[in-house]
Structures are given as C-alpha cells and as structure tokens.
Q: 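The structure's right below; bear with me while I get my questions together.
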Amino acid sequence: MRSPETIGPLLTRYAASKSLLPGAHIHASLLKSGLLATFCNHLISFYSKCRLPGSARRVFDEIPDPCHVSWSSLVTAYSNNALPRDALGTFRAMRARGVRCNEFALPVVLKCAPDAGLGAQVHAVAVATGLNGDIFVANALVAMYGGFGHVDEARKVFDEAGSQRNAVSWNGLMSAYVKNDRCSEAVEVFGEMVWSGLRPNEFGFSCVVNACTGSRDLEDGKKVHAMAVRTGYDRDAFTANALVDMYSKLGDIHMAAVVFGKVPETDVVSWNAFISGCVLHGHDQHALELLLQMKSSGLVPNVFTLSSILKACAGAGAFDLGRQIHGFMIKACADSDGYVGVGLVDMYGRHGLLDDARKVFNWWIPRKDLLFWNALISGCSHEGCHGEALSLFCRMRTECFEVNRTTLAAVLKSTANLEAISDTRQVHALSEKIGFLSDPHVVNGLIDSYWKCNCLHYANRVFEEHSSDNIIAFTSMITALSQRGQGEDAMKLFMEMLRKGLEPDPFVLSSLLNACASLSAYEQGKQVHAHLIKRQFMSDVFAGNALVYTYAKCGSIEDADLAFSGLPEKGVVSWSAMIGGLAQHGHGKRALEVFRGMVDERIAPNHITMTSVLCACNHAGLVDEAKRYFNSMKEMFGIDRTEEHYACMIDLLGRAGKLDDAMDLVNSMPFEANGAVWGALLAASRVHRDPELGKLAAEKLFILEPEKSGTHVLLANTYASAGMWDEVAKVRKLMKDNNVKKEPAMSWVELKDKVHTFIVSDKSHPRARDIYAKLEELGDLMTKAGYVPNADVDLHDVDRGEKELLLSHHSERLAVAFALISTPAGAPIRVKKNLRICRDCHVAFKFISKIVSREIIIRDVNRFHHFSDGACSCGDYW
DNA sequence: ATAGGGTTAG
C-alpha cells in the first residue's frame, strides 16, 4: 500500500490518462483499508473522466454523508458524460437536502438546462447565493443564454461581469452573437476586445473567423486572417479550419486552397470545409477530385463529407459514385444521419430517378423530417411531376406540420409550371401567414410563379413590396423579363437596381447575361463581363457558363471560346453551352471534337448535351456521325432519346435529302410527332422538292400549330419550288380566306448601348434616308459583281421589279446597312433576326461581305451565318 | 495535481 499522501495526485494522473485498471486497483485497496471516504472525491472524478458515470455514482453511494464537493463532482460526472437528466436530478436532490451550492456545480448544470426557462431558474439560484459574481458562473450563463437565443440576456450578464471579464467571457459573447445570426455584431465585439487590450486566443480567432463567414464579410475576414498570422494563431487547428471554411464559403476558392494547403494537421473537418465550399459554388468536379485526394491521404470520409459529395454528384452527373455512396451507406449502416439520406433523395430526384428518390424517402423511417419532404418535393418539381409535388405538399402539411422557405420555393416552382394561379395564391397567403414573405427565395418563387401564370399584376405587386433592398427580387424580375424576350426592360431594371445602391452579385449578372443573349447584345454582354471581372466574380461557375452561352448567342464564337477556356471548372453545363454554341455557328467538326474532349475529361453528358451534338452534326451535314451518336447514346452514356433528339434527327435526315429515312423514323418513334418534327419535314420537302410530303406535313401543322403563319408560306414555297403554280395560288387564297397574316420579319442590331429594330421597308428609323442611300449604292456594286436577285418564291402579290425592290429592303438588309454607316470600317456586324434568313438575302450578304470587307454575322431562329469574303460559314447547307 | 466556462465541416 502506498503512502496516503500520494494517492490523490496518482488518481488525478490516472484520470488524465484514462488509465482505468490502476485506478480501479487503488479503489479496491481503499475499500479494504477503509480509507474510501478520504479519497471519494478523487475517485468520483477519476471515474467521471474514464467515462464511467455509473461507477462514480457507486462510489458516491458508499459515502455516508457526502459533502458539497462530492455532490458537485457527481453532477459534473453526469453532465460531462451526456446524462443531462441525471445531472439535473442530482442537482435538485442536492438543493432539496440543503447542501451548499458552490461555484463548480452551477456551470455544469447550466450546460444541462434543456431550455432558457430552466436556465433562468439556475440563474436565480446563482443570484440568490451570490455566485453570479464568479466569472466561471457568469461565463456559463452567457453561453446558456446565447445557446437559447437570448442574446440580449447574455450581453447583460457579460456587462455585469465588469472588470472580472476574461477571454472566455469575450469569446462566449461572440459565440452568442454568431449562434443567433448576428455575426456583424460578433465582429464588433472582437474589435472591442482587442481595443480593451485583451489579446485574443485561439478560441477568439476561430470564433471571429466564423463571424466573418456568417456576415459574408471577406474584407474583415482578411484583416483577421492577417492578425492571426502575425500572432501565430493561424497554426491552430480550429482557426485554420475556420479560415478554410470562410474562404470557401465566401467563394474565394483560390484562397481557400492556399489556406487549406497550410493547415498544419489536415483533418476530416478541413477537407469537409473545403469540399463543401467547392460544392456551394458549383465546383462539383473539383469537389469529387478532392474526395479522391482525401481518400489517398488516408482519411476516411464521414457523413458530412458524403452529404457534400452527394450534392456534387447530383451537380456533376457523377451518378455512379452517388450510387456507390448509397451502397456504402447501406453496408456501413450510416443511415442514421438524415443529411445523407436527404442528399440521396436530392441526388436521385435531380437525376430524374424519382423512383429511387421515392424509395429512399419511404425507407428512411428514423428521421423523416422537413428536409426529406423538401428534397422529394424539389425532385418532383425538378422532374416535372408537378402534380405529385403539390399533393406531397398537402400531405406534408398534415404529416410533418412544418414548412420552410425551401418547401415554399419548391412548391412555387410547381405551381408556376402548372400555371396554377389559385394554388400560387394559396401558397402566397400561407407564406404571409407564417411569416415567410420577407424571405428572398419565397419572394423569388412568387414573382416567378405569377409571371408564369401570366399575372403580371401580382408579380409586380410582390416585386414592388420587396424591391427596395432585395437583390433576389430584382434578379427574379430581370430573369422573368429576359426569358420573355423583354431584354431591354431587363437591362433598364438592372440600371434601376444600381441606382438604388444595390451591389450586383453573380446571380443577377448571370441573369443579365441571358438578357444580353436574347437581345444578341454583344457590347452590353461585354459590359456585364467587365462587371464580373471588376467584382472578382470570375471564379463563379454559373456566371462563367452564362458568359460562354451569351458570347455564342451574340455571335462571337471566339469570345465564347475564350470564356470557355478561362472557366475555373468545366461542368456539363459549360461543355454543353460550348458544344451548342459551336453547333449553332456551323462548326460541326469542332463541336464534335469538344464533345470528345468532354468525354475524355469524364464529364457525363446529359440529354441537352446530346441535343447539341446532334445539332452540330445537323448543321455540318454529318449524317453518319449523327446516326452513330443517336443509336448508341443510351448504351454509351445512359441517356434516353427524347422527342427533341428525334426531331433533330428527322430534321437532319430531311435536310440531307433522305426523306424516306426521315419518314421511317417518324413512324417508328415512341412519340406522337410534334410541330417541330412536321416543321422539319415541311422545310425538307421544300428544299428537296417533294410537294406530297410538304402537303402532309402542312396539314398536320395546320392542326398542331394553327397560330403559326409560317406553315402557309413554307407550303406555298414548296409548291413554287416544284413549279406547281396552281397550288401556290390555292394556298395564297387559303391564307386570305383564313385571314392569316405573315409574322412580320424583324431584325435587330446593337449600337453602343441601344438595340435598333427594323421591319421590312421600314422608314421609321431616324437615319432611314442614309440607310436607303447605302442600300442603293450597294445594289449597284453588287450587280456589277454578278448578283442576280432571286424573287421566285416571294409571296407578295406584286410585279417582279417591285418584288426585287422589296427583297432589297428586307429587315436584315436595313439592319446591315445601318450598321455599315454607323460603325468604323472593318468592324464586324452582328444582326439578329426573328425568322430564318431568306435565300436571296443569304446570296446578297455574301456579295456585300466581299464588297465592304467586313464580317457579317446573322443569327436567325435556327443558327448563325458568318459571311466573310464572299462566303458563308454554313457552306450554303441550311 | 479534487470539481467548472468559450471554437471547426452539411
């Protein structure tokens, strides 16, 4: 037996190193020698630290008359071993017995308080016993109030602590603000602490970094980072991880990578922080690469990692990996974590695998909370099962009771697509009732839904109520306007937003780029690009993709290419945008090369990519390649053929003159042929002079799309191309009888900040005189160069000379002439047109491009034509 | 050298 005075320190040492066996041995010998009561407090503490609160309790029960230290040690044993109810019960028993409450018991009891009410009762005990003056107790009170959302109470306790305040007090107060979404105040508290002369420790640094993250304040964050480097606290594991989290959450992926590389001991949390930031900002592919690196560094991903990675899988189309994670989870029984389940429902939902999503949803009994419902409802909205989304929403209201902004936003997407005005109004009323009308996402959903339901009045009202300080409301309106072709109004609204002092973010700029794309506003697109650079948004994946798309739509495939090469990360959307752009510009071979590059990079194509690929084959006349892709896409990429793929294929076969093959495909496809299919066949029948097929297609179109005037014109042209003039006359009479009007052909050209609109024989433009003079001048030069007008197929009921004059006054010619007299020599000219370019203008622009030595780029409804030096990029195949 | 308070990833 050891000498009694060494026993206490020994037990303390065993407790610190959790050496259970030697400690238990001492316990036994104390029992034997009858000295237990002397060292009972050491023993209770020892068992508590060894995570054996039951043994601590048995020691306590052996003591005939436990003192206040024994009592508070037992309370601590329960509290520190996650038994809050036992801790509280023991505390009550101790109070009931009249045992003195000391300053050690209160903090651990406060940690166990289930709500602020009980916490306040403990606070009252502290005041009654005068223990509230103890700084440990005060700090614990600050933490308790902070944790239950009573920040102002926490502040009061903090203030009352006066000169006793220490670093823990400051950190606790900061944490209280951070936990209650008052991050900028937390940053201020940090400033006060520094000002008061107290040097922040590692807790303070990690806490203030989180505050900067929460208040999205990168400027302050960088200052704190610099300060941490100066004081060496950037080497602290928590602070380093918090810095990684800050940079990656705030979108500075580059700095996140730098800081991540300097984390002294990279752990799962560091990886998770970095990976989740990547996913948050759309760098899905990067996130997946990080997972591999993480695994090869020997760390095991946990549920945090997996739920981030599932999002990345959903975004990047890395669907096999998603399935592997699902399998891994079933095996590892990691299903208790709801986040991963939600990630699975979300991933399957976004992949169009609604059955799998439903299965996971129905199988995940343990925690079917709000998030699960949201994931499934979002999946349904996403996949177009809008009716199911609505009925799930109703079921949810009875089974789950809770609804949040994600739910509302998802269900509004469905009411929008169903154009269900009364449902939209009901969701609007519910949002108002439960206080979500201040939420930007809900406002966004409402505006969008009212737009789609054609209720401009309500959309405007919601917008005006929230427009003053809400950038998301502006973004919704700008998106809605640009999607409805009101690009100019979208630009105006953006200017208004700037005037109101709202800082543009990547979302609104991406939306604005779409407006530029729809307007073919190249110059304005470049300005938005400049905004993106100036505000350091170039690492934003969405904005980057929008740039590719916009430059392509504005006729500059070179700029699109540059934007594409500069993307920080290329996802399926980026590749598809580039392939689609190349396809529209007639660079079929290059589009296919890019597609092969995409496959080499192991980016899984989706159905949109495949449409672009087929479209590329179409514009370049690559029939065999198209057939190969069309026939093997299911097998190679797991993509089912959609109506669009069939329409594209039928168009391609028709254009190539394989009308029989095209009809075979129409008859064998699993869809009812739609307007796009018959339209393609009608166009093909005109080019390849098959009036019989033209008649059939036109008859279908008269039923399917009676509102479209183009059908009559194309049919008449088909007859005209086959020399069937009687039939031409019949169609013309039919048009007159049915009062069908040709959709007016229009062209647009951008000059500086303004888009100029022209219609045929337009005289309304302020510079009309100069424009017509230019056309006349060009006409002479063209005739000298060998140009012969081709007026055979024009439907206007006028004599030949007049027809030729009309041709030379087509809207695209006016637009080109206007650009010629308004822009410097040699500058390329970009014109957008609402119909297909006419044959005669196509010939004329070839001549003009050579005469004036300019590149003329025409975007028609179908594709781009680049005229340069007497030739067109389409090779006259269109 | 008997007990207590504040920090990280979805």
Side-chain angles (χ1 to χ4, degrees), chain A residues 5-16 38-46 48-49 56 67-77 79-80 102-111 131 134-144 146-147 154 157-158 161 166-176 178-179 200-211 213 233 236-246 248-249 263 267-277 279-280 301-312 337-343 346 371:
Chain A
E5 56 270 23
T6 64
I7 290 179
L10 210 53
L11 274 173
T12 309
R13 219 168 66 215
Y14 291 151
T38 320
F39 296 104
C40 64
N41 295 340
H42 283 93
L43 265 179
I44 292 171
S45 163
F46 165 77
S48 162
K49 296 236 168 87
C67 70
H68 64 97
V69 177
S70 315
W71 278 101
S72 50
S73 296
L74 185 63
V75 173
T76 307
S79 169
N80 286 350
N102 65 25
E103 68 274 29
F104 291 94
L106 289 178
V108 285
V109 166
L110 282 167
K111 217 161 69 179
L131 291 170
D134 181 87
I135 192 60
F136 277 85
V137 175
N139 290 344
L141 283 167
V142 170
M144 183 275 294
V157 176
F158 174 85
N166 58 17
V168 178
S169 327
W170 288 97
N171 298 339
L173 184 66
M174 257 197 286
S175 166
V178 172
K179 279 184 193 143
N201 61 13
E202 70 270 35
F203 288 93
F205 272 111
S206 52
C207 200
V208 72
V209 171
N210 292 330
T213 312
Y233 282 114
D236 167 65
F238 280 94
T239 308
N241 285 345
L243 282 167
V244 174
D245 187 45
M246 177 184 82
S248 65
K249 268 219 186 83
V263 176
D267 61 6
V268 186
V269 177
S270 336
W271 285 96
N272 288 348
F274 194 21
I275 290 175
S276 72
V279 175
L280 190 66
N302 64 14
V303 286
F304 281 84
T305 330
L306 295 184
S307 63
S308 281
I309 288 296
L310 280 173
K311 262 205 194 117
D337 191 286
Y339 274 105
V340 182
V342 170
D346 180 61
L371 295 176

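Lettering follows sequence order; numbering is per chain, from 1. Given the structure is predicted, the values throughout are model-derived calculations rather than measurements.
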Q: Just jot down the ring pair (Phe, Tyr, Trp, His ring centres under 6.0 Å) partners of F203(A), sequence neighbours excluded, or say none.
A: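 Scan of F203(A) (ring pair (Phe, Tyr, Trp, His ring centres under 6.0 Å), adjacent residues dropped) gives none.
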
Q: Who are the side-chain contact (heavy atoms from CB on, under 4.5 Å) partners of T76(A), not counting sequence neighbours?
A: N80(A), V108(A)

Q: Please name all residues satisfying side-chain hydrogen bond (donor to acceptor under 3.5 Å, both in side chains) with S308(A), sequence neighbours left out, ordered by chain then number.
A: none

Q: Round to the nearest Å and state the distance from L310(A) atom CG to dA9(B) atom C1'.
A: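 Distance check: L310(A) CG to dA9(B) C1' gives 15 Å.
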
Q: Would you mind building the protein contact string for nucleotides 2-7 of chain B? One character per nucleotide, 5' to 3', B for base within reach (heavy atoms under 4.0 Å), S for sugar-phosphate only, - for untouched.
A: BBBBBB

Q: Over how many whole Å does the gap from Y233(A) atom OH to dT8(B) atom C1' extend?
A: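 Interatomic distance, OH of Y233(A) to C1' of dT8(B): 17 Å.
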
Q: Tell me every residue that passes side-chain contact (heavy atoms from CB on, under 4.5 Å) with S175(A), counting only those two or more places apart in sequence or in another chain.
A: K179(A), C207(A)

Q: Could you tell me which residues satisfy side-chain contact (heavy atoms from CB on, under 4.5 Å) with A237(A), sequence neighbours excluded, listed by chain and number?
A: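 With sequence neighbours excluded, A237(A) shows a side-chain contact (heavy atoms from CB on, under 4.5 Å) to no residue whatsoever.
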
